[in-house]
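Beneath this line is the structure, given in structure tokens, with notes to follow.
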Amino acid sequence: MAKTARRGLEIHFPRYHGHVEPDGQAFRNVLLTLLTQVPLTVDRAALLQHWPYFYARSLGCVGVLKEWLVRATALALPRWSDTLTLAHLERRAFSEAKCARMAADIQVVISAKSEQILGSRMSNKCDA
């Protein structure tokens, strides 16, 4: 495990913030791009109208959104559905309670990163 940790480069991609318009537009673009990759018929324009729902249940995190689309597609395929619908997506969305726990976890990580950055800056000032 330690070897693989040394081989990789950890890059943090912050989540999108839907209330900030450039982020909202970027999130909608990501949603649209991911929907084009679904191997079923998708009414992308109709689903895109629900982007605030997708944002809320993915917490603005692309990885969570992608996994959600995969779970919904996996639900549709065994039922011989040729279309991915909002109903499939709603059935595979994380619950509001789970989203709240994930949001709390994100806040803990953000706070820890902020403290780490602040500590690093303070250390650099003391060294100068």
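These figures come from a predicted structure and were not determined experimentally.
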_Do Val42 and Leu47 have side chains that approach each other closer than 4.5 Å (heavy atoms only, starting at C-beta)?_
yes
*Under 4.5 Å between side-chain heavy atoms, hopping through other hydrophobics if needed: is there a path connecting Leu34 to Tyr53?*
yes
For residues 58-68, dump all side-chain donor-acceptor pairs below 3.5 Å to protein atoms at least two apart in sequence or in another chain.
| residue | atom | partner | partner atom | Å |
| --- | --- | --- | --- | --- |
| Ser58 | OG | Phe54 | O | 2.8 |
| Ser58 | OG | Tyr55 | O | 3.4 |
| Ser58 | OG | Gly60 | N | 3.3 |
| Trp68 | NE1 | Leu89 | O | 2.8 |

*Please confirm whether the backbone N or O of Phe94 pairs with a side-chain atom of Arg57, one donor and one acceptor, at under 3.5 Å?*
yes
_Quick check on the hydrophobic clustering: are Leu77 and Leu86 connected, directly or via other members, by side-chain heavy-atom contacts under 4.5 Å?_
yes
_Shortest non-hydrogen separation from Ala56 to Cys99 and the atoms involved_ = O-SG, 4.1 Å
*For Lys98 and Met102, what are the C-alpha separation, side-chain angles and deciding distance, and is it a side-chain contact (heavy atoms from CB on, under 4.5 Å)?*
CA-CA 6 Å; Lys98 183 162 187 157; Met102 291 168 54; 4.0 Å; yes
*asked:* Can you give me the closest heavy-atom contact between Arg92 and Leu75, atom names plus distance?
replied: NH2-CD1, 3.2 Å
*Could you pull out the closest heavy-atom pair between Leu40 and Ser81, with the gap in Å?*
CD2-O, 3.5 Å
*Take atom CD in Glu21; do more than 12 heavy atoms of anything else shown fall under 6.0 Å from it?*
yes
*Look at the side chain of Arg44 and the backbone N and O of Leu32, then say whether any donor-acceptor pair between them is shorter than 3.5 Å.*
no
*asked:* If we ignore hydrogens and angles and just use 3.5 Å, is the side chain of Thr83 paired with the main-chain N or O of Thr85 as donor and acceptor?
replied: no
